[in-house]
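Take a look at the structure below.
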Amino acid sequence: MSTFIDIIEPRKVKDESGFVIVQDVILASVRAYKEMRHGTRIWANRAAFSKATVLFRFRKITNLEIKPDYVIVCDTGRYRILSIEDVKNRGMYMEALCDEDKISGAI
């Protein structure tokens with residue numbers, strides 16, 4: 001758990017001119033374990049998520065439901081959550097499979 005991450009919800013809001021813009025709302029800032037995609041047996045079993053390039057594992061945050069349309073931001077970039085699941089259904093840790101968000105992260 002050595003990587004600091006922000007869990008962000010992109011919300012669409014209207015500005016004062018009436019145009020819709022996407023605004024990032026930080027829901028939580030936590031420490032997480034980060035694992036990049038590599039050629040191990042575990043990643044081979046995740047073949048259903050061929051787009052997933054990174055895995056984040058962090059403690060479950062009480063009263064916060066994390067959805068697949070949220071974004072995780074850390075020191076190496078911005079990642080779209082493809083799937084989120086409770087590790088072993090114990091309610092202690094969450095595991096998010098993510099893909100690099102190249103479109104919204106581009107300047």
Any side-chain heavy-atom pair from [X] and [Y] closer than 4.5 angstrom?
X	Y	value
K34	T76	yes
I66	I7	yes
R59	V30	no
M94	V87	no

Practice item. Give a yes or no on whether the backbone of I8 and the side-chain of D6 come within a donor-acceptor separation of less than 3.5 Å. Key: no

Review point. Transitively linked via ILVMFWY side-chain contacts under 4.5 Å: V25 with V22?
Key: no

Which heavy atom of [X] sits nearest a heavy atom of [Y], and at what distance?
X	Y	answer
F58	A96	CE2-CB, 4.4 Å
E65	Y70	O-CE1, 3.5 Å
M36	V54	SD-CG2, 3.6 Å
P68	L82	CB-O, 4.0 Å

Review point. Below 6.0 angstrom between ring centroids: does that apply to Y79 and F56?
Key: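 Under 6.0 Å, so yes.
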
Review point. Are a donor atom and an acceptor atom from the side chains of E95 and Y93 found within less than 3.5 Å of each other?
Key: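 The criterion, which ignores hydrogens and geometry beyond distance, is not satisfied for Y93 and E95.
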
